Structures are given as C-alpha cells and as structure tokens.
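This report refers to the structure that appears directly beneath it.
Lettering of chains follows the sequences in order, A, B, ..., and the numbering in each one begins at 1. This is a predicted model, so every value here is computed, not measured.
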Protein chains: 2
Amino acid sequence: MEIDAILDRFHLLPPHSKAALKAHISEVQYPKGQTIIRAGRAEKTLYFIQSGIVRAYSDGERGDVTFWFGQEGDVVISMKSYVSGQPGYEHIETLEPCQLYQMKAQDLESLFTTDIHIANWGRKLIGQEMIKTEERLISMQFKTAQERYLDLMSATPGLLQRVQLCHIASFLGITQVSLSRIRAEIR
Amino acid sequence: MEIDAILDRFHLLPPHSKAALKAHISEVQYPKGQTIIRAGRAEKTLYFIQSGIVRAYSDGERGDVTFWFGQEGDVVISMKSYVSGQPGYEHIETLEPCQLYQMKAQDLESLFTTDIHIANWGRKLIGQEMIKTEERLISMQFKTAQERYLDLMSATPGLLQRVQLCHIASFLGITQVSLSRIRAEIR
DNA sequence: CTTCTTATTTATCATTTGTAAAATTTTTTC
DNA sequence: GAAAAAATTTTACAAATGATAAATAAGAAG
C-alpha cells in the first residue's frame with residue numbers, strides 16, 4: 001500500500017500539509033523475526049506498513065501475549081510513547097519480511113505544534129485506533145472464544161495462513177490447545 | 001472536580017484557548033439512573049464529570065455488558081461519535097446523581113479546525129483514553145478474573161461501595177456468581 | 001528424497017467458569 | 001420496626017478451558 005493512500009486513511013490533508021508530512025517519511029525494510037519496537041523504552045520512531053505483517057506483544061507471567069496484528073496500511077507505534085513520551089509496554093516484531101515507511105516521532109511532534117491540519121490528522125489517527133481497541137475489548141468481554149475466532153476468520157481470513165496459531169491463540173486470549181479444539185469442532 | 005482542573009488533565013492550554021473552550025461549556029445535573037448517551041445515534045454532546053459515577057455498556061446476546069466506569073474528572077463521550085461522527089455502540093447511564101459539565105460536540109469540532117492548541121488538546125485527550133483502554137485489553141487477555149478483581153480493588157477501592165456487583169462482574173468479564181466466589185475466596 | 005526440526009493436533013485429567021435455582025442478606029418503603 | 005423488594009451469596013451440576021504429554025503433520029535443510 002502506497003504512503004499517500006495510507007495517510008489518507010485517517011483524514012484528508014491539504015497538499016501542503018501532506019507534503020510536509022511526507023518530507024519526514026522514508027522507506028525501510030526488515031527481515032522476518034526482527035523486533036522493531038521494544039518495551040521499556042520511549043520509542044523514537046513510528047512506522048506505516050507498506051507490506052508484511054507484524055505483531056505487538058507484552059511479557060506476562062504465563063509467557064508473552066499477542067494483542068495486536070498489523071498488516072498492510074496499518075500504523076505501527078508504541079501507543080504509550082506516541083501519546084505521552086513514556087516508555088511503552090509492548091514489543092513489536094515482524095512476522096514476515098516487511099517493507100515499512102518510517103518517521104521520527106520527534107518530527108511528527110513538531111509538526112503537531114505548527115500545522116493544525118496535521119494535528120487533526122494525528123487526532124483522527126489515534127481515534128481510529130481507539131475504536132478498534134474498544135471494539136476488541138468489548139468482544140473479549142462478551143463473546144466466547146469460538147465467536148472471537150469466527151469473527152477473526154471473517155474479518156481477516158488471510159491472517160490464518162500467514163501467522164502461527166500460537167500467536168492467534170494468544171491474541172484470542174486462549175491456549176493453543178483450546179484453539180485446536182475450536183478448529184476441530186468447526187470442521 | 002472543577003472544570004479547569006479537568007481540562008488541564010490532558011494538556012495545558014494557553015489562557016486564550018482555554019477560555020474559548022470554557023465559553024462553550026455549561027453545567028447540568030442528572031438524577032441516578034438517567035441515560036445520557038444512547039447507542040445507535042450520533043451523539044451531539046460530550047460531558048466531563050464534576051461529581052458522580054456513570055457506566056458505559058453495550059447490548060449483547062447474554063444481556064448488557066459494562067465496559068467502562070466514569071468518575072470525577074473523567075470524560076464521557078461516545079467514542080465512535082467523537083471520532084467519526086457515526087452512531088456509537090454504547091449506552092452511558094448515571095449510577096448516582098451526577099453533576100456534569102457539558103459541551104456540544106459540534107462546537108468542539110469547530111474549535112479543532114480553528115485553534116491548534118485545542119486540536120492538540122483533543123489529540124491528547126483521546127490518547128490518554130486510548131492508553132487506558134489498551135491496558136484493560138491486555139489485562140483481559142492475560143490476567144485471571146481474580147487478578148483483575150484485585151487490580152480493580154487497589155486502583156479504585158471506592159468503586160465497590162458505589163456500584164452494584166452485577167456491573168462489576170460484567171466489567172471484569174465474568175458472571176456475578178464467579179465474582180461472589182472470588183470474593184468469598186479472598187475473605 | 002530423507003532426515004531433522006518445528007508446528008499442530010489429540011488425549012487425558014484437573015481446574016475454572018457458567019447456568020439455574022434456592023437461600024440469605026441488605027435495602028427500601030410504609 | 002415490619003413487610004416487601006432488591007441485591008448478593010451459596011449450592012449443585014454441566015460445560016468450557018487449562019496443563020501436560022504423546023502423536024501426527026508440516027516445513028526446512030542437506
């Protein structure tokens with residue numbers, strides 16, 4: 001997905017503002033298995049995914065927990081760093097070779113203070129992420145694991161071919177054994 | 001909590017911008033049990049809580065599900081309406097008599113397009129809500145119901161005296177029976 | 001193609017959580 | 001303060017999920 005289309009996903013920008021944004025964006029490529037954002041530090045870079053797939057996860061007592069998958073067109077940020085400049089709690093790693101657009105958080109931060117269109121673009125960006133997160137929270141609260149699996153299947157069917165089932169299970173909040181049972185039941 | 005302190009929670013505003021915001025804010029009082037935001041419509045008003053407590057919930061197959069409590073100093077909005085102008089999926093009702101500050105979403109929307117400080121204030125506001133939601137999502141995914149209950153107890157101990165246990169149970173993603181079992185175990 | 005490694009499924013049993021109904025406690029109303 | 005209503009807890013049983021280990025399948029390396 002090209003950078004123009006990605007930027008337009010959140011909020012249409014006047015040409016001048018869009019150019020100002022793009023002036024700070026460059027391309028970068030990472031192999032599979034690369035950690036691009038680490039928990040415990042204030043991340044200085046944010047990314048947009050041109051191609052490839054990534055996952056965000058946190059360390060828990062019972063192993064790591066995947067709570068987000070990013071695909072073509074998605075924004076990759078440490079939310080806490082982006083919002084508050086504080087160290088974040090998530091690791092983000094590539095699950096495939098990834099072609100990314102990158103931007104320094106500091107550059108975006110200064111654009112926010114000087115360009116009102118970009119400030120509103122940033123507001124919309126986080127708003128859209130917020131809606132998705134809230135919808136997932138609600139589905140975790142009042143859907144069964146099987147319903148959540150079926151939802152994921154219909155929302156992003158390709159994901160299952162590209163991501164290991166242990167990550168899918170973790171994302172759904174269940175063990176891999178439970179996921180296998182659900183898959184067996186549906187067949 | 002006074003309106004100045006509430007507005008300052010998100011981002012410090014220059015006096016002129018703060019005054020512009022406050023010019024659109026008025027006070028309103030609702031009795032207990034009043035629904036102030038309804039699912040399925042684009043909500044035109046947002047609120048800040050001076051005193052009282054509210055809950056946000058969605059209708060599910062197995063009854064309604066509480067996914068947020070708002071207390072003194074919190075913002076009350078239909079996220080989807082605030083972000084996209086689309087109809088939201090949550091109801092919000094007062095659980096106590098509430099003293100609220102209210103503002104028309106349309107007024108805020110126009111301030112966003114004319115005052116860059118307010119645009120950034122709105123960006124920070126949603127960012128802080130985002131962090132909270134993400135933290136809750138992660139805790140739903142990798143903590144047990146008992147851990148989530150203990151977390152809630154230590155984070156907002158007063159809540160338990162003010163809110164019915166059926167809402168707490170729903171918020172934790174468990175049944176009221178399970179919550180009773182957890183409470184019995186801890187005692 | 002065969003071997004080695006990794007990923008996934010299956011099986012078994014223990015634990016947790018849900019459902020439904022009854023019992024108890026607390027709150028409200030008169 | 002007694003009666004009624006509402007909220008909470010308890011009980012008994014069913015269903016779902018977790019933990020562990022073994023079996024199978026799929027993929028990578030030579």
Task: Partner of A/F171 under ring pair (Phe, Tyr, Trp, His ring centres under 6.0 Å), chosen from A/F67, A/F69, A/Y149 - done: A/F69
- [ ] Let me know the distance between NZ of B/K32 and P of D/dA6, rounded to the nearest Å.
- [x] 12 Å
TODO: Determine whether B/M103 and B/L111 make a side-chain contact, defined as any pair of heavy atoms from C-beta on separated by less than 4.5 Å.
DONE: yes
TODO: Please report, rounded to the nearest Å, how far the P atom of D/dA5 is from the CD atom of B/Q164.
DONE: 17 Å
Open item on the list: What range of DNA chain C does chain B touch, first nucleotide to last, counting atoms under 4.0 Å from its heavy atoms?
Closed with: C/dT17 to C/dA20
Task: Angle between terminal axes - the helix from C/dC1-D/dG30 to C/dC30-D/dG1, 5 pairs each end, rounded to 10° - done: 50°
Open item on the list: If only side-chain N and O atoms count, and only distance matters, is there a donor-acceptor pair under 3.5 Å linking A/Y89 with B/E134?
Closed with: yes
Task: Name of the residue among A/T113, A/N120, A/I118, A/T114 meeting side-chain contact (heavy atoms from CB on, under 4.5 Å) with A/I116 - done: A/N120
TODO: Take the angle between the ring planes of B/Y82 and B/F112 and call it parallel below 30°, perpendicular above 60°, tilted in between.
DONE: perpendicular
- [ ] Would you mind reading off the distance between B/H167 atom NE2 and D/dA6 atom P, rounded to a whole angstrom?
- [x] 14 Å
Task: B/S/- contact track for nucleotides 14-25 of chain D, protein heavy atom under 4.0 Å - done: ---BBBB-----
Task: Heavy atoms of other groups near B/K132 NZ, more than 12 under 6.0 Å - done: yes
Open item on the list: Whether the A/Q141 and B/R136 side chains hold a donor-acceptor pair (N or O, under 3.5 Å, no angle test) is what I'd like checked.
Closed with: yes
Open item on the list: Nearest 0.5 Å, please: how far is NE2 in A/H11 from CG in A/L125?
Closed with: 11.5 Å
Task: Test side chain to side chain donor-acceptor pair (under 3.5 Å) applied to A/S78 and A/E43, A/E90, A/H91, the passing residue - done: A/E90
- [ ] Measure from the side-chain N and O atoms of A/S81 to the backbone N and O of A/Q86, and report whether any donor-acceptor pair falls under 3.5 Å.
- [x] yes
